[in-house]
Amino acid sequence: LKGECLCRRVSVEVPAAPSYINICNCKFCRKSGAAWAYYDDHTITIVGETRQFIRDDIDAWLVAHFCPTCGATTHYTPTAAHQSERTGVNTRLFEQDLLAGIEVRFQDGRNVVDENDRFVVTATGHIGDGSAF
Ligand SMILES: [Zn+2]
Ligand SMILES: [Zn+2]
């Protein structure tokens, strides 16, 4: 499965369609505009230049990566202080038809400020059902 940013300078390839997609309303997710799927970092391929952003208002555990030309969020990686193999990929880079039927989990993360804080799933849907994406 392969997706591109808006200007097509950055592509993201993952080994398979995700089993679910997270749409979350924590500060990081809302302001990055992403709908996440998760992969082991060694299974994804990013081609093209990206820039990084790390929050400085909290003990950030995620590095946001984005296209410097069009600004689209491409993926996130863990910060050096919070090692993890889990990478988040912005599934909004993929054509919606490629994601049809995949479960979407709407998560309430408004109170999340620490990597151990809990996210609560408040609703679910499926891509293409008219209520998710
Ligand atoms: Zn771009
Ligand atoms: Zn979030």
Side-chain angles (χ1 to χ4, degrees):
L1 210 62
K2 193 171 181 178
E4 298 172 321
C5 66
L6 189 56
C7 74
R8 305 176 64 187
R9 286 173 170 81
V10 182
S11 68
V12 177
E13 190 166 3
V14 298
S19 54
Y20 68 94
I21 291 168
N22 264 344
I23 295 179
C24 172
N25 63 351
C26 79
K27 194 170 188 178
F28 179 86
C29 295
R30 289 190 70 243
K31 292 182 187 273
S32 63
W36 302 111
Y38 307 99
Y39 295 90
D40 284 348
D41 54 6
H42 60 272
T43 68
I44 69 169
T45 304
I46 313 289
V47 176
E49 177 197 0
T50 58
R51 288 185 63 190
Q52 303 182 2
F53 172 73
I54 301 173
R55 289 175 67 179
D56 58 9
D57 60 334
I58 59 168
D59 177 20
W61 66 97
L62 303 177
V63 181
H65 298 254
F66 58 95
C67 171
T69 301
C70 72
T73 300
T74 54
H75 63 297
Y76 76 66
T77 54
T79 58
H82 298 268
Q83 283 301 315
S84 167
E85 291 180 355
R86 189 164 101 145
T87 295
V89 170
N90 182 9
T91 61
R92 295 198 192 275
L93 302 187
F94 301 109
E95 293 301 319
Q96 182 170 331
D97 290 348
L98 299 176
L99 304 173
I102 294 174
E103 181 181 343
V104 174
R105 299 175 183 173
F106 296 94
Q107 299 212 67
D108 187 356
R110 283 174 292 176
N111 296 318
V112 171
V113 291
D114 180 276
E115 71 175 321
N116 298 313
D117 286 344
R118 294 188 58 182
F119 294 84
V120 180
V121 176
T122 56
T124 60
H126 292 83
I127 301 293
D129 68 4
S131 63
F133 256 35

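In each ligand, atom 1 is the first atom listed, and ligand 1 is the first ligand listed. Sequence positions, counted from 1, serve as the residue numbers for this chain.
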Which atom names give the shortest non-hydrogen contact between Phe119 and Gly109, and what distance separates them? CD2-CA, 3.8 Å

Pairing donors with acceptors under 3.5 angstrom, does anything connect the side chains of Glu103 and His126? no

Which heavy-atom pair separates Ile44 from Val89 by the least distance, and what is that distance? CD1-CG2, 4.1 Å

Would you say Phe28 ends up clustered with Tyr38 if hydrophobic residues are merged whenever their side chains have heavy atoms under 4.5 Å apart, either directly or through other cluster members? yes

If you leave out waters, which protein N, O or S atoms are less than 2.8 Å from the Zn ion (ligand 1)? Cys5 SG, Cys7 SG, Cys67 SG, Cys70 SG

Are Tyr76 and Asn90 linked by a side-chain donor-acceptor pair shorter than 3.5 Å? no

Same cluster for Ile23 and Tyr39 if Ile/Leu/Val/Met/Phe/Trp/Tyr side chains link at under 4.5 Å? yes

So if you build clusters from Ile, Leu, Val, Met, Phe, Trp, Tyr with side-chain heavy-atom gaps below 4.5 Å, do Phe94 and Ile46 land together? yes

Establish, yes or no, whether the cationic atom of Arg51 lies under 6.0 Å from the six-membered ring centre of Phe66 and within 45° of the ring axis. no

Check which protein N, O or S atoms are less than 2.8 Å from the Zn ion (ligand 2) and report how many there are. 3

Pair Thr77, His65: side-chain N/O donor-acceptor within cut-off below 3.5 Å: yes

